[in-house]
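A short write-up of the structure that comes next.
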Amino acid sequence: QVDLVESGGGSVQAGGSLRLSCTAPGNTDGLAYLYYMAWFRQSPGKEREGVAADEDGSATYADSVKGRFTISKDNSKNTLYLQMNNLKPEDTATYYCAADPAADNDPLNAGRYTYWGQGTQVTVSV
């Protein structure tokens, strides 16, 4: 079992930026063997949506965030990041970090991830 912990959420105005972080503080190996990690988001009444995925250094993004969001992983700090720029009100959601040690051909599919964080809220106002 790997417990993931997100941080960095908050409230910003449209056009602003936030950086989310995800760590595994209780995992002896940190994120070292979690080769496949991603960020998802979910708003009330909506399905969980894949936002960005890092597959052992290769990034995949949802069309809705391309050019605005950047996923990165710093193995030396055992941290996964999601840099979110030019935020829009429609980005408002709870953002979740997910991880899995195994490869898959659908990185933005929530069903392929074994480990999940509890989420961090992002609210973007007009």
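Along the sequence shown, residues are numbered consecutively beginning with 1.
Taking each heavy atom of Ser17 and Asn85 in turn, the nearest pair found is OG-OD1, 2.9 Å. Pairing each heavy atom of Ala93 with each of Ser43, the nearest pair is CB-OG, 3.5 Å. Across Leu4 and Ala24, no two heavy atoms sit closer than the pair CD2-CB, 4.0 Å. Contact detail for Asn86 and Arg68: the closest heavy-atom pair is O-NH1, 3.0 Å. Heavy-atom minimum distance, Glu6 versus Gly119: OE1-N, 2.8 Å. Taking every heavy atom of both residues into account, Pro89 and Val126 meet most closely at CG-CG1, 3.5 Å.
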Worked verdict on Arg41 versus Val65 for side chain to side chain contact (heavy atoms under 4.5 Å, CB included)
CA-CA 12 Å; Arg41 65 186 181 188; Val65 306; 4.0 Å; yes

Criterion side chain to side chain contact (heavy atoms under 4.5 Å, CB included) on Asp100 and Arg112, from CA distance to verdict
CA-CA 8 Å; Asp100 201 280; Arg112 57 87 76 236; 3.1 Å; yes

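Interatomic distance, Gln1 CD to Tyr115 OH, rounded to the nearest 0.5 Å: 6.5 Å. Rounded to the nearest 0.5 Å, atoms OG1 (Thr120) and CG (Leu18) are 8.5 Å apart. Atom CG of Leu108 and atom CZ of Arg48 lie 14.0 Å apart (nearest 0.5 Å). In this structure, the separation between CZ on Arg19 and CD on Gln83 is 6.5 Å, given to the nearest 0.5 Å. Summarising the geometry, atom CG belonging to Asp91 is positioned 11.0 Å from atom OG1 belonging to Thr123; distances are rounded to the nearest 0.5 Å. For the atom pair CG of Leu80 and OG of Ser72, the computed distance is 7.0 Å after rounding to the nearest 0.5 Å.
Annotation: side chain of Tyr36 is not in contact with side chain of Pro101 (no heavy-atom distance under 4.5 Å). Residues Tyr81 and Cys97 form no side-chain contact, since every pair of their non-hydrogen atoms from C-beta on lies 4.5 Å or further apart. Ile71 has its side chain within reach of Tyr61: a pair of non-hydrogen atoms, C-beta onward, lies under 4.5 Å apart. A 4.5 Å side-chain heavy-atom check between Met84 and Val124 finds every atom pair outside the cut-off. With contacts defined as side-chain heavy-atom distances shorter than 4.5 Å, the pair Glu90/Ser64 does not qualify.
Checking Gln13 against Ser125 by side-chain atom types alone, no donor-acceptor pair falls below 3.5 Å.
Other residues, nucleotides and ligands contribute only 12 or fewer heavy atoms inside 6.0 Å of the CD atom of Gln118.
Trp116 and Phe40 have tilted rings, their planes meeting at an angle from 30° to 60° on a 0 to 90° scale. Taking the six-membered ring where tryptophan is involved, the planes of Tyr95 and Phe69 are tilted, since the angle between them lies from 30° to 60°.
Applying the salt bridge (Lys or Arg N to Asp or Glu O under 4.0 Å) rule to Asp63 yields the partners Lys66; only residues at least two apart in sequence or on another chain are considered.
For the pairing with Val122, the side-chain contact (heavy atoms from CB on, under 4.5 Å) check across Thr92, Leu20, Thr94 returns one residue only, Leu20. When Asn78, Thr79, Asp74 are each tested for a side-chain hydrogen bond (donor to acceptor under 3.5 Å, both in side chains) with Ser76, only one passes: Asp74.
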